[in-house]
Amino acid sequence: MKIYLNGDLVDKEKAVVSVFDHGLLYGDGVFEGIRLYDGCVFKLNEHLERLEYSAKAILLELPMNRLQLMDAVCDTCRANNLSNGYIRLVVTRGVGHLGLTPDGCGPPSVIIIADDIQLYPENLYENGLKIISVPTRRINASALPPAVKSLNYLNNILAKIEAKKVGFQEALMLNDKGEIAECTGDNVFVLSKGVLFTPPLDAGSLRGITRAAVMDIASELSIPCREQALTRYDLWTAEECFLTGTAAEVIPCVEVDHREVGNGQPGVMTQRFIAKFRENVREDGVKL
Ligand code: PMP
């Protein structure tokens with residue numbers, strides 16, 4: 001396997017970074033998870049835009065422009081003869097001293113890994129996922145905007161551990177007002193009386209690329225979609241619920257906090273979203 005590391009495609013065994021890299025020492029950096037479907041890098045432009053915004057928000061100057069990053073992503077997929085897979089693009093603050101300050105750090109390290117992806121098993125797309133809300137709250141936007149896709153995922157990792165410890169595969173994370181923020185790596189949608197709802201970004205949700213793709217599908221299907229603050233009650237009483245994310249795509253959720261969503265089966269509209277999303281993924285991106 002070839003890994004892109006600071007301008008070179010190197011063997012996996014040689015793809016190493018310094019222990020003084022602030023990405024390792026402090027989680028100081030940003031990243032994207034991107035999908036490759038039949039030789040088409042899905043929504044690559046949108047992912048790179050989000051990476052640029054994340055980097056700007058943490059005052060990290062990307063060492064490559066959009067086109068250079070695009071080429072590097074495509075080159076990495078080609079070098080691995082991949083036509084389907086998952087791409088992890090990471091930019092860290094780079095090598096520095098042991099102190100927190102990024103002064104003297106750099107240049108930023110750019111890492112691109114293109115590999116197979118471990119999806120949820122297909123039966124969960126047919127039967128739906130059960131989720132549970134957990135005590136760990138989504139980080140407050142005034143501490144670190146959740147819109148920044150940074151290398152600091154401890155908040156989400158703790159939530160995931162809490163869900164797993166009580167037998168669930170995914171955790172529902174609330175913000176400090178008790179509103180729904182998102183799941184640990186996915187955005188949340190519910191369908192209620194024919195209207196699709198998802199929490200607004202200021203509730204603590206990442207501006208998901210899949211979330212945006214689903215909103216586009218809603219408009220194609222003439223289903224009204226609103227960004228609105230949601231509580232657990234709204235999920236418990238919804239007719240349908242699903243999660244969206246690059247790795248999970250669109251996955252039905254059939255139980256929230258031990259309450260069946262709707263009749264406890266993946267919803268009819270959810271299945272339409274899944275089908276339409278799967279139809280679109282080969283068209284909406286950059287071809288290798
Ligand atoms: N929320 C979080 C916390 C995430 O890490 C992700 C990405 N895995 C998402 C939502 C979904 O975003 P996207 O659709 O861009 O993958």
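As the structure is a computational prediction, the values presented were derived from the model and not from experiment. All values below were derived from every heavy atom in this structure, side-chain atoms included, with hydrogens, water molecules and symmetry-related copies excluded. Ligands are counted one by one from 1 in listed order, and the atoms in each one are counted from 1 as well.
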Got the closest protein heavy atom to atom 14 (O) of ligand 1, with its distance?
Thr210 OG1, 2.6 Å
Heavy-atom gap Arg50 to ligand 1 smaller than 4.0 Å:
yes
Looking at Glu179 and Arg138, does any basic side-chain N land under 4.0 Å from a carboxylate oxygen?
no
Check the angle between the aromatic planes of Phe277 and Tyr37 and answer parallel, tilted or perpendicular using the 30° and 60° thresholds.
perpendicular
Ligand-residue contact atoms, ligand 1 with Gly245, heavy atoms, under 4.0 Å:
11 (C), 14 (O), 16 (O)
Heavy-atom nearest neighbour of atom 13 (P) of ligand 1 within options Asn187, Thr244, Leu206, Thr246:
Thr246
Rounded to the nearest 0.5 Å, what separation is found between the OG1 atom of Thr76 and the CD1 atom of Ile111?
11.5 Å
Which of the numbered atoms in ligand 1 are below 4.0 angstrom from a heavy atom of Asn156?
3 (C)
Ion pair present between Arg137 and Asp176, side-chain N to carboxylate O less than 4.0 angstrom?
no
Does Lys149 reach ligand 1, in the sense of a heavy atom lying below 4.0 Å from it?
yes
Less than 3.5 Å between some nitrogen or oxygen of His47 and one of ligand 1, yes or no?
no
Just to confirm my output: which protein heavy-atom neighbour is closest to atom 8 (N) of ligand 1, and how far is it?
Gly185 O, 3.0 Å
Contact (N/O only, under 3.5 Å) between Ile209 and ligand 1
yes
Any N/O of Tyr153 closer than 3.5 Å to an N/O of ligand 1?
yes
Ion pair Glu249/Arg35, N-O distance below 4.0 Å:
yes
Which atoms of ligand 1 sit under 4.0 Å from any heavy atom of Gly208?
12 (O), 13 (P), 14 (O), 15 (O)
Contacting atoms of ligand 1, where contact means under 4.0 angstrom from a heavy atom of Thr184
3 (C)
Electrostatic pair Lys160-Glu170, nearest N-O below 4.0 angstrom
yes
Going by an N to O cut-off under 4.0 Å, is there a salt bridge joining Lys165 and Glu162?
no
Do Phe42 and Leu48 share a hydrophobic cluster, counting only Ile, Leu, Val, Met, Phe, Trp and Tyr and linking them when any side-chain heavy atoms are less than 4.5 Å apart?
no
With the side chain counted from C-beta on, respond yes when Tyr86 and Ile34 share a heavy-atom pair under 4.5 Å apart, and no when they do not.
no
Considering heavy atoms of the protein only, find what lies nearest to atom 10 (C) of ligand 1 and give residue, atom and distance to 0.1 Å.
Glu182 OE1, 3.4 Å
